[in-house]
Amino acid sequence: MFFINCTGGDPIVEYVDNTFEDTASNYDGRTIKPNNRTPAQLFSDVKTKYNKYREDYLKQASGKKYYIQATGNGENGEIALTISEAHGYGMIIFALVNFKGDEKTIFDGMNALRKAQHSRTDPDLMSWIVTDVDSDDAAVDNSATDGDLDNAYALLLAHKRWGEEKYLNEAKILIEAIKRSEMHQDIYRTKLGDWHNRWSSNNNATRSSDWMPGHFRAFYKATGDDFWLQTANMVYSLLNEGSNSRTGLIPDFVTGSPIVPDPLGGGTGEKNAQHYSYNACRVPWRLAADYAHHGTPAAKMQIDKISSWINDATGGNSNGIKDGYQLNGTPIGSSSSKACFVAPFAAGMIANAENQNFLNKTYSSMLNLKSDVYNDAINLLCMLLISGYWWTY
């Protein structure tokens, strides 16, 4: 079995056969890792979480297609077998690791399902909901921006890992479709999906969990299109406008110019849309990825603010992290066992050595968290970033 990792930005294949080899990156010295775990333990942690994620959620459809089981209901009462968000997480995971030797086959099967389950608005994008995984030409619903962004980024990782031009070519098609149908091109903001302008009266609305500046820099590298650098920069402009000056927290949804919290969730009606809730909880992880892979100073500034606040708010006790906050830091949630909050906070801590003790405690709590496909995927992805098993495109 082997793990792919980077040194100096280039992927290296390290073979591991019943022994451990420390091949993890510290992202050119920019980041810290939990120092209460040995390199071998960090490697084992990732492997254990990956195996469990795969066992619980990876499913095979007909025609050699694969998907991540993520049930739910569509807007018209459809019963989902998976959604594009879960699919994007899975494609990134299978592009990054190879413990069983069949991950390329799985990745290709997931990519095939992505293309078959296309949006009914823009066929180069993925339908956000999938109800018939065996169909070779389904168009059940419109797209969701986050799933397409992760799918495109995963294709770039696949190109760098396996060196096949087909992955790059398909990534470029998808990236262009994202720009065409899921971006406010004049203001460099992500839309909620390819349906946004037709179905939402709030045309400037954007969801903070779709702000993935590291992805946007990868898109620029792949396409040479300066639009994506402008989009990456816009993320930090929006954070400066809309996040709390003390806590660094940003709402799930914002709108307007300058931006303000959007309690209507861009017309989606999602609960707690004006708070730091189950969408925005991913922001520290996305910013940490931009800092780890690209050294973006604005990313470090924002996540340092968030890390400092959450450390103070919990008294350095990771068990004090709650599943939701007002922007001023007042908890609106009660659970302390949701990985989608705990793990991204931990990911943000890697940017500053002053966070070492809190990182150690928070990472240790991640090892024992087990919930559902959403929380478990985010936990694994953050663990990959924290441990250094994630290279730069």
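Position 1 is the first residue of the sequence; numbering continues from there. As a basis for the values below, the full set of heavy atoms in this structure was taken, side chains included, without hydrogen atoms, waters or symmetry mates. Please read these numbers as outputs of a predicted model, since none were measured by experiment.
For the residue pair Q41/D45, the side-chain donor-acceptor check at 3.5 Å is not satisfied. Defined by atom type and a distance below 3.5 Å, a donor-acceptor pair is present between the side-chain atoms of S62 and D134. Counted by atom type alone, N204 and S257 present zero donor-acceptor pairs between their side chains at under 3.5 Å. For the residue pair T206 and W211, a side-chain donor N or O sits within less than 3.5 Å of a side-chain acceptor on the partner. No side-chain donor-acceptor contact under 3.5 Å links N111 and D108.
Remark: of the listed residues L149, L125, L156, L125 is the sole one forming a side-chain contact (heavy atoms from CB on, under 4.5 Å) with L174. Of the listed residues (Y89, Y53, Y57), just one forms a side chain to side chain donor-acceptor pair (under 3.5 Å) with D376, and that residue is Y57. For the salt bridge (charged side-chain N to carboxylate O under 4.0 Å, His left out) test with R120, the passing option among D141, D194, D137 is D141; the others fail.
A donor-acceptor pair under 3.5 Å links the side-chain atoms of N355 to the main chain of M349, judged by distance alone. A donor-acceptor pair under 3.5 Å links the side-chain atoms of T268 to the main chain of G265, judged by distance alone. In this structure, Q326 contributes its side chain and I332 its backbone to no donor-acceptor pair below 3.5 Å. Within the 3.5 Å criterion, the main-chain N or O of H275 finds no donor-acceptor partner in the side chain of N272. Of the possible polar contacts, none joining the S277 side chain to the N279 backbone as a donor-acceptor pair under 3.5 Å is found. Between the side chain of S143 and the main chain of W128, no donor-acceptor pair closer than 3.5 Å is present. Proximity of a side-chain donor or acceptor of H196 to a complementary backbone N or O of L192 within less than 3.5 Å is detected. Counting only distance, with no hydrogens or angles, the side chain of E241 and the backbone of I259 share a donor-acceptor pair below 3.5 Å. Using modelled atom types, no side-chain atom of T362 and backbone atom of S318 make a donor-acceptor pair closer than 3.5 Å.
When side chains are defined from C-beta on, N51 counts as touching K100, because their heavy atoms get closer than 4.5 Å. In this structure the side chain of D136 reaches within 4.5 angstrom of the side chain of K65, judged on heavy atoms. Looking at heavy atoms from C-beta onward, P251 lies out of side-chain contact with D262 at the 4.5 angstrom threshold. The shortest distance between side-chain heavy atoms of F253 and L264 does not fall below 4.5 Å. You'll find the side chain of E170 reaches within 4.5 Å of the side chain of K115, heavy atoms only. F341 is listed as a side-chain neighbour of Y276, based on a closest heavy-atom distance under 4.5 Å. Residues T121 and S181 fail the side-chain proximity criterion, which asks for heavy atoms closer than 4.5 Å. Considering only heavy atoms from C-beta on, V140 stays 4.5 Å or farther from V130 through its side chain.
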- Are Q69 and V373 close enough, and set up right, to give a side chain to side chain contact (heavy atoms under 4.5 Å, CB included), and what steps lead you there? CA-CA 8 Å; Q69 187 175 53; V373 64; over 6 Å; no

- Task: Decide side chain to side chain contact (heavy atoms under 4.5 Å, CB included) for R246 and W309; before the verdict, give the C-alpha distance in whole Å, the side-chain angles of both, and the deciding distance to 0.1 Å.
- Result: CA-CA 7 Å; R246 181 178 63 86; W309 162 74; 3.6 Å; yes

- Task: Test Y167 against F107 for ring-ring contact (aromatic ring centres under 6.0 Å, His included), laying out the working first.
- Result: CA-CA 11 Å; Y167 298 122; F107 183 92; 5.7 Å; yes

- Begin with the C-alpha distance, continue with both residues' side-chain angles, and end with the deciding distance and a verdict on salt bridge (charged side-chain N to carboxylate O under 4.0 Å, His left out) for K104 and E164. CA-CA 12 Å; K104 185 177 187 298; E164 297 181 18; 3.2 Å; yes

- Run the side-chain hydrogen bond (donor to acceptor under 3.5 Å, both in side chains) check on D372 and N375 step by step: do they pass? CA-CA 5 Å; D372 54 33; N375 283 275; 2.9 Å; yes

- Go through N352 and S307 one step at a time and tell me if the side-chain hydrogen bond (donor to acceptor under 3.5 Å, both in side chains) criterion holds. CA-CA 9 Å; N352 195 321; S307 296; over 6 Å; no

- Step-by-step side chain to side chain contact (heavy atoms under 4.5 Å, CB included) determination, R37 to L367: CA-CA 11 Å; R37 305 288 288 173; L367 300 178; 3.9 Å; yes

- Message: Test side chain to side chain contact (heavy atoms under 4.5 Å, CB included) on Y389 and V97; report intermediate values, then the result.
- Response: CA-CA 8 Å; Y389 293 108; V97 304; 5.7 Å; no

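For A343 against N379, the heavy-atom pair with the smallest separation is CB-OD1, 3.6 Å. Closest approach of L81 and Y67 over heavy atoms only: O-CE1, 3.9 Å.
Classified by interplanar angle (parallel below 30°, tilted 30° to 60°, perpendicular above 60°), the ring pair Y374/Y278 is tilted. Ring-plane geometry between H159 and Y393 is classed as tilted, the angle between the planes lying from 30 to 60 degrees on a 0 to 90 degree scale. Between W390 and Y153, the ring planes are tilted. Angles from 30° to 60° get that label. Using a 30° and 60° split on the angle between ring planes, Y325 and F345 fall in the perpendicular class, above 60°. Using cut-offs of 30° and 60° for the angle between ring planes, the Y188 and F227 rings count as tilted.
Around the NZ atom of K271, the shell of radius 6.0 Å holds no more than 12 heavy atoms that belong to other residues, nucleotides or ligands.
Atom OG1 in T296 sits 3.5 Å away from atom CG in D290 (nearest 0.5 Å). Distance check: M366 CE to I386 CD1 gives 4.0 Å after rounding to the nearest 0.5 Å. Annotation: the span from N233 atom CG to D226 atom CG amounts to 8.5 Å, rounded to 0.5 Å. In this structure, the separation between OG on S308 and CG on D304 is 8.0 Å, given to the nearest 0.5 Å.
At a threshold of 4.0 Å, the pair R161-E103 does not count as salt-bridged, since none of the basic side-chain nitrogens sits closer than that to a carboxylate oxygen. Salt bridge R54/D102: present, at least one basic N to carboxylate O contact under 4.0 Å. Electrostatic pairing of R286 and D150 counts as a salt bridge here, judged by a charged N lying under 4.0 Å from a carboxylate O.
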